[in-house]
Amino acid sequence: MEFGELLKVFLLDLQSLFRYRVSSPDLTLPQILLLSSVSAEGADMSSLSKQMGVDNSTMTRLIDILIRNGWVEKYKRARDKRVVFVKITKSGEEIRNTIDKKINDFGLDIINEIDPDDRNDIKEKLTSLHWLLSKQLLRIK
C-alpha cells in the first residue's frame, strides 16, 4: 500500500472508531473535536476554523449549534471588536471532560493491544508523524 493510501485508510479508521467510541447521539464528530479544542480562556473563530480545516461559515454553523446547547459562548474583546472569540461554558466543560475520558479510555484500549516492547517506539513514531503533519499545516496556513 502506498503511503498516501495508508494515510487515507488510517484517517477513515480513526474517524470511524472515534464516532463509535467517543461520540454520542447528542454530538457529531466535528462537534466533539471542536469542544475538545475550545479552552476556558477562549479561542478566536479564525484559529478554530484553521485548526479544524473548515471555512469560517462552517465554523460559525458549528459554533451556533454549540451555543444553542449552552456548551460555548461567543464574545469580543474590548481592544479589538472585529475578532470573535469562543469560550467553553461550565456545561460544555462537563461534556468535554466526558469526551476526554472516552478518548483516554480509547487510547488505553489501543495501546494495550500493542506489544509492551513496541509501545514506546510506536508512540515516538506517531509523535514524529504528528510533528510532520503539523509542519505541513503551517505551510498551508
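One distance of note links CZ of R96 with CD1 of I88; it measures 4.0 Å at 0.5 Å rounding. For the atom pair R68 CZ and L66 CG, the distance stands at 9.5 Å (nearest 0.5 Å). Atom NZ in K50 sits 13.0 Å away from atom CG in D55 (nearest 0.5 Å). Here the CG-CE distance, from L7 to M1, works out to 11.0 Å after rounding to the nearest 0.5 Å.
If you chain together hydrophobic residues whose side chains sit under 4.5 Å apart, F85 and L62 never meet in one group. The hydrophobic clustering, which links ILVMFWY residues whose side-chain heavy atoms are closer than 4.5 Å, places I110 and F10 together. M59 and L137 fall into different hydrophobic clusters, where Ile, Leu, Val, Met, Phe, Trp and Tyr are joined by side-chain heavy atoms under 4.5 Å apart, directly or via other members. Clustering ILVMFWY residues whenever any of their side-chain heavy atoms sit less than 4.5 angstrom apart, transitively, puts V84 in the very cluster that holds L48.
Residues R61 and T58 bring a donor and an acceptor atom of their side chains to less than 3.5 Å of each other.
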Between side-chain atoms of residues 122-132 and protein atoms elsewhere (two or more places apart, or another chain), which donor-acceptor pairs fall under 3.5 Å?
| unit_1 | atom_1 | unit_2 | atom_2 | d |
| --- | --- | --- | --- | --- |
| T127 | OG1 | K123 | O | 2.8 |
| S128 | OG | E124 | O | 3.2 |

Please tabulate, for side-chain N and O atoms in residues 36-44, each donor-acceptor pair with protein atoms closer than 3.5 Å (sequence neighbours left out).
| unit_1 | atom_1 | unit_2 | atom_2 | d |
| --- | --- | --- | --- | --- |
| S36 | OG | I32 | O | 3.0 |
| S37 | OG | L33 | O | 2.8 |
| S39 | OG | E41 | N | 3.4 |
| S39 | OG | E41 | OE1 | 3.4 |
| S39 | OG | G42 | N | 3.1 |
| S39 | OG | G42 | O | 3.4 |
| D44 | OD1 | S47 | OG | 2.6 |
| D44 | OD2 | S46 | N | 3.3 |
| D44 | OD2 | S47 | N | 2.9 |
| D44 | OD2 | S47 | OG | 3.2 |

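A side chain to side chain contact (heavy atoms under 4.5 Å, CB included) with I95 is found for one member of T98, N97, I99 and no other, namely I99.
When atom types are taken as modelled, the side chain of R21 and the backbone of K102 share no donor-acceptor pair closer than 3.5 angstrom. Remark: side-chain polar atoms of E5 are not paired, donor with acceptor, to backbone N or O of E2 under 3.5 angstrom.
Looking at every heavy atom in both residues, G70 comes nearest to S91 through O-CB, 3.7 Å. Between T60 and K74, the shortest heavy-atom contact is CG2-NZ, 4.2 Å. Closest approach of D118 to I114, counting heavy atoms only: CB-CG2, 4.0 Å.
For the pair S23 and L29, the minimum side-chain heavy-atom distance is 4.5 Å or more. The shortest side-chain heavy-atom distance between T89 and E94 does not fall under the 4.5 Å cut-off. With a 4.5 Å cut-off on side-chain heavy atoms, M45 and N56 do not count as touching. Within the 4.5 Å cutoff, the side chain of I67 has heavy atoms near those of the D64 side chain. Side-chain atoms of L35 and V72, non-hydrogen and from C-beta on, do get closer than 4.5 Å to each other. The shortest side-chain heavy-atom distance between F18 and I103 falls under the 4.5 Å cut-off.
In summary, D105 and K101 engage in a salt bridge, as defined by a charged side-chain N under 4.0 Å from a carboxylate O. By the 4.0 Å N-to-carboxylate-O rule, E93 lies too far from K90 to be salt-bridged with it.
Other residues, nucleotides and ligands contribute over 12 non-hydrogen atoms within 6.0 Å of the OH atom of Y75. Within 6.0 Å of atom CG in N104, more than 12 heavy atoms from other residues, nucleotides or ligands are found, so the atom counts as buried in its surroundings. No more than 12 heavy atoms of other residues, nucleotides or ligands sit less than 6.0 Å from atom CD of E113.
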